[in-house]
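Scroll down for the structure; my scribbles are underneath it.
What's counted below: heavy atoms across the whole structure, side chains too, no hydrogens, waters or symmetry copies. Residue numbers count from 1 along this sequence.
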Amino acid sequence: MAYDKFTVLRSTAVPLPIENVDTDQIIPARFLKATKREGFGDNLFRDWRYNGDDTPKKDFVLNNPIYSGKILVGGKNFGSGSSREHAAWAIYDYGFRCVISSFFADIFKGNSLNIGILPVTVSPEFLDKIFRAIEADPKAEIEVNLPDQTVTIVATGEKESFTINSYKKHNLMNGFDDIDYLQAMKGEIKEFADKSLY
C-alpha cells in the first residue's frame, strides 16, 4: 500500500512530554479487532482522551484546540510494550506524519517506517528545546527535512541531525512500502531473470 511521499515537513506540533508511552496507551487492545488500517485514529490514546462516558478529557493535549499539526513530540522510550502494528496505524490515521522523541522502541520504530511515519530520534537536550519552543508558542513550527536528515525549530533556527536507514529513507521519499519498492524494480528484476541461467 503506497503512502504519502515524505520529503520536507514543516508543521506545528503536538507535545506529549510523557516517558514510556507504550503501545497499549497509544491504541488499547480492545480496538485491535479490525484488520484494515483505517479508523484507528478515532481511538488514538483512547483512554487518555476520553472519560468512561465518551466525553473528552479537557486536560489531554489532543483535546486542546491550541495544539495541532502533523508532528507528534513524545517523551523518551516512545512506543514501548507490545509489537502491535495498530499503534503506528492509529498515529498515521489520526494525521501525524512524524513522531519526534529521544528514544523509540525498535519494533514501533520499524512499524512506523513501514507505513509512512517518520520516527525522528533527537538528543534529550534538543527534545527539551522543542518542548520549550512549543510551550512558549503553540504555533511554533518544526521543520523535518528527510533528504538532509535534519530537524529545525523554525523560530530560532536551532537544528539537529538524525539518522535513518537508507532503504527506509528511499521508501519514505517515494511513498513506497516494501511491495511498492519491488514493483518499482520490476523491470530490473525481469532483466536479471532473463539473463539468468535458470
Determine whether Val14 and Tyr94 satisfy the following criterion, side-chain contact (heavy atoms from CB on, under 4.5 Å), listing intermediate values before the conclusion. CA-CA 12 Å; Val14 176; Tyr94 186 84; over 6 Å; no

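Annotation for Ile142 and Ala13: closest pair CG1-CB, 4.2 Å, computed over non-hydrogen atoms. Minimum heavy-atom separation, Leu16 to Trp48: CD2-CZ3, 4.3 Å. Contact record, Cys98 with Leu9: CB-CD2, 3.9 Å, taken as the closest heavy-atom pair. Shown here for Ser161 and Thr150, the closest heavy-atom pair between the two residues is OG-CG2, 4.0 Å. Of all non-hydrogen atoms in Ala105 and Gly79, the two that sit nearest each other are CB-O, 3.1 Å. Closest approach of Gln25 to Asn20, counting heavy atoms only: OE1-O, 3.6 Å.
Here the CE atom belonging to Met173 is positioned 11.0 Å from the CG atom belonging to Leu118, to the nearest 0.5 angstrom. To the nearest 0.5 Å, the span separating NZ on Lys159 from CG on Asn145 amounts to 7.5 Å. Taking CZ of Phe104 as the start and CG of Asn77 as the end, the distance is 10.5 Å to the nearest 0.5 Å. Note: Phe6 CZ to Lys168 NZ = 15.5 Å, rounded to the nearest 0.5 Å. Distance check, rounded to the nearest 0.5 Å: CD1 of Ile27 to CG of Asp42 gives 9.0 Å. Atom CG in Leu44 sits 7.5 Å away from atom CG in Leu72 (nearest 0.5 Å).
Considering only heavy atoms from C-beta on, Thr55 stays 4.5 Å or farther from Tyr50 through its side chain. Contact check for Arg46 versus Asp54: side-chain heavy atoms found under the 4.5 Å cut-off.
In this structure, Asp93 contributes its side chain and Trp89 its backbone to no donor-acceptor pair below 3.5 Å. Of the possible donor and acceptor atoms, one in the side chain of Gln149 sits under 3.5 Å from a partner among the backbone N and O of Phe162. Side chain of Arg97 to backbone of Tyr92: a donor-acceptor contact under 3.5 angstrom is found. With hydrogens and angles ignored, the 3.5 Å screen pairs a side-chain donor or acceptor of Ser101 with a backbone N or O of Phe103. Lys57 contributes a side-chain N or O that, together with a main-chain N or O of Asp47, makes up a donor-acceptor pair within less than 3.5 Å. For the pair Asn64 (side chain) and Tyr67 (backbone), a donor-acceptor distance under 3.5 Å is absent. Judged purely by atom type and a 3.5 angstrom limit, Thr121 has no side-chain atom pairing as donor or acceptor with the backbone of Ser102. Lys70 places no side-chain N or O within 3.5 Å of a backbone atom of Gly95 that could act as its donor or acceptor partner. At least one donor-acceptor pair closer than 3.5 Å links the side chain of Asn63 to the backbone N or O of Arg49. Distance alone, capped at 3.5 Å, is enough to place a donor-acceptor pair between the Asn111 side chain and the Ser83 backbone.
Scanning for side-chain hydrogen bond (donor to acceptor under 3.5 Å, both in side chains) contacts around Ser11 gives an empty result, with sequence neighbours left out.
Shown here is Asn51, whose CG atom has more than 12 heavy atoms of other residues, nucleotides or ligands within 6.0 Å.
Salt bridge Arg30/Asp24: absent, no basic N to carboxylate O contact under 4.0 Å.
Both Ile115 and Ile71 sit in one connected hydrophobic cluster of ILVMFWY residues. Membership requires side-chain heavy atoms under 4.5 Å apart, directly or through other members. Residues Ile107 and Val99 do not share a hydrophobic cluster, clusters being chains of Ile/Leu/Val/Met/Phe/Trp/Tyr side chains in contact below 4.5 Å. Val154 is not connected to Phe126 by any chain of hydrophobic side-chain contacts under 4.5 Å among Ile, Leu, Val, Met, Phe, Trp and Tyr, and they are in different clusters. Phe96 and Val8 are members of different hydrophobic clusters when ILVMFWY side chains are connected at heavy-atom separations under 4.5 Å.
Here the options are Val144, Thr163, Leu146, the test is side chain to side chain contact (heavy atoms under 4.5 Å, CB included), and the partner is Val120; only Val144 passes.
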Please tabulate, for side-chain N and O atoms in residues 129-139, each donor-acceptor pair with protein atoms closer than 3.5 Å (sequence neighbours left out).
| unit_1 | atom_1 | unit_2 | atom_2 | d |
| --- | --- | --- | --- | --- |
| Lys129 | NZ | Glu158 | OE2 | 3.1 |
| Arg132 | NE | Asp128 | OD2 | 2.9 |
| Arg132 | NH2 | Asp128 | OD2 | 3.4 |
| Asp137 | OD1 | Lys139 | N | 3.0 |

